[in-house]
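Working notes, structure below.
Each chain gets a letter, A, B and so on, in the order its sequence line appears, and its residues count up from 1.
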Number of protein chains: 2
Amino acid sequence: MTASQEAVAAAIETRRERINEAIAADLPIGDPERLYEASRYIVDAGGKRLRPTVSLLVAEALCGIEPLSRDYRQFPTLADGERTGTETSSAGSEDGPEIDLMTAAAGIEVIQSFTLIHDDIMDDDDLRRGVPAVHREYDLETAILAGDTLYAKGFEFMVESGAPPERSVRALRTLARTCTSICEGQAMDVAFESREDVSIAEYLRMIERKTAVLYAAAASVPAILVGADDATVGALYDYGLDMGRGFQIQDDLLDLTTPSDQLGKRRGSDLIEGKRTLITLHARERGIDVEELMTGEGSEAALEAALERLEAAGSIDYARRSARSFVRSSKSNLGVVPNNEARDLLGGIAEFLVERGY
Amino acid sequence: MTASQEAVAAAIETRRERINEAIAADLPIGDPERLYEASRYIVDAGGKRLRPTVSLLVAEALCGIEPLSRDYRQFPTLADGERTGTETSSAGSEDGPEIDLMTAAAGIEVIQSFTLIHDDIMDDDDLRRGVPAVHREYDLETAILAGDTLYAKGFEFMVESGAPPERSVRALRTLARTCTSICEGQAMDVAFESREDVSIAEYLRMIERKTAVLYAAAASVPAILVGADDATVGALYDYGLDMGRGFQIQDDLLDLTTPSDQLGKRRGSDLIEGKRTLITLHARERGIDVEELMTGEGSEAALEAALERLEAAGSIDYARRSARSFVRSSKSNLGVVPNNEARDLLGGIAEFLVERGY
């Protein structure tokens, strides 16, 4: 069963608040103040906290905990008998040790924030979450350093989960490899801008690295930390990966179809910057001269005309169907998780990601 | 006893080659090629590999291993009986488990490389290690991403030491906190450029964070990984910290006194960029108008004149004495290490750092 849209929206909203409180507590405005203010600037400007919300729900689902009934800072883990993997617990207790699940979830979120700050510099974007990008509000130096600071904090947070050390090391390995992958994906994304022959397969490899792996980490890291077996960890990784693919394709769609004020950044920026998306790659295959679509320099009229042509070519529909197909595939991995309310919410979040309007 | 200058130079040179081989093996030119080429660009352009050399020597000294007699990839660790700390080994063996010490040392070096790439962007420096800075040879986007990639690789490398998990977690905690501290120090350094009232105490706090903590990590992480007790880990941290302080002050001196071609970057760049150094802070205390020193826009004549005034004020001498004093303090921590050839080399390296000509 998949949770209702209302239940999913409520689950996201409640966890968003708790995650915000945790970040405010664990990432205080330290010294130097300006550096920490800049580091918090985009974090505080908004964001749905979808990735850490997935992390919290995964742990609740795996441990069969009624959603929101436990303190995420002292979260139970699986007892030895509940797991089928080959890993042995160094704690060796009957009722697994308690962990600080929240710090791990917050670690995923601040890594996401670091990538936003650096990506906005690279794409020379002016707006993010409805406010100036960090390199506009502050300056280039501060934006680079704010990103670098959040990067370190992501690892600092992940180190402090209090999970048995072998699980912590495994979670940190996942996080480090995820960061490498994100850099590779972002480099591909930038390189694609000056290439006209990008294939759909290449695009899918790019979004896997740039976007999907962080969802995969968000879903698999809590499984590692609570002591799930390898098959469960792997299935949750795949759940996150396909969800992340769907999320990115939906993001590409929203960039075209959502008004700038709702989007929190300029509508049509992908087209203007020459970003390759599933939409424009499909359109090119249909014979549309994608480079010519935005000759109007991004005026609303030019954007509407471009959108009309992409719709007529079936490219918008194609991307919508692809995103939904990835979400179906994502949800198919949830069979490893006990059937409970948190699992229903995980399925619902995957659907939310491709149905959301912004 | 402190090793002779010749012995120290030879120890650095031999380890430099091995470290370079390890980095070449562990950081291959992957996909996307341009990203990995840019990531390797400054790494391959040179550098003495002083930090990882310290790491290798610390492990040799603690384990009483004759220098260079063992494969750094399968390095012995301390057996339980050899340690006095409260930590318990999860391996529980008589002869500690073997670790990949080299990957940990290489992790420290690639973190250092990441900071060079991002610092050069922030300072808008054109040259590094005698070649164009990454943002000049490639572009801003690629330089930010190359730095971010090395950042992740530093953690990936550190994760793979094969040390018992509780030690790995502790080493990763040290690395993450070190990275946070480096960002704080760099932010202070940048902020100081627009402040005329920086005190010597503030300068010392800045270089501790920006520079010294990475030497402290280089010296203490191998101690953690081989299983040294807490007192030893702490003393080696302090050894690295004071060595790093001395290193940075010597760096400031060299920036003024070494010809550009030997320095690998423009001589006098600190003065030109308005960086605060122990030299200029001392000079201001002696009534010299430091802001006026470089009115000649960095000509060799202006630089010579500035140097002469700084020498006359005793500021060069003051910085030299400070650097040497930090090195004495650094070496005083080596008493926790068994008396052997590697320890003598550790003392010699601390001295080398403040005697070196470039």
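Residue-level contacts of residues 172-185 of chain B with chain A, in order of numbering, are B:Leu172, B:Arg173, B:Ala176, B:Arg177, B:Cys179, B:Thr180, B:Cys183, B:Glu184; threshold 4.5 Å between heavy atoms. Residue-level contacts of residues 24-32 of chain B with chain A, in order of numbering, are B:Asp31, B:Pro32; threshold 4.5 Å between heavy atoms.
Interface check for chain A: of the options B:Gln186, B:Met188, B:Glu160, the most heavy-atom pairs under 4.5 Å are formed by B:Glu160.
A heavy-atom distance below 4.5 Å is found between the side chains of B:Leu140 and A:Ile121.
Shown are B:Ser161, B:Ser168, B:Pro164; of these, the side chain to side chain contact (heavy atoms under 4.5 Å, CB included) with A:Val169 is made only by B:Ser168.
Ring pair B:Phe155/A:Phe155 is parallel by interplanar angle, where below 30° counts as parallel and above 60° as perpendicular.
In this structure, CD in B:Glu141 is found 11.5 Å from CG in A:Asp189, a value given to the nearest 0.5 Å. Expressed to the nearest 0.5 Å, how far CG of A:Asp148 lies from CG of B:Asp148 amounts to 6.0 Å.
Contact of B:Arg34 with chain A is not made at all, since no heavy-atom distance falls under 4.5 Å.
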Check your understanding: After noting the C-alpha distance and the side-chain angles of B:Val190 and A:Thr142, does the key distance pass the side chain to side chain contact (heavy atoms under 4.5 Å, CB included) rule?
Key -> CA-CA 9 Å; B:Val190 171; A:Thr142 307; over 6 Å; no
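At distances below 3.5 Å, not a single donor-acceptor pair connects side-chain atoms of A:Tyr151 with backbone N or O atoms of B:Tyr151.
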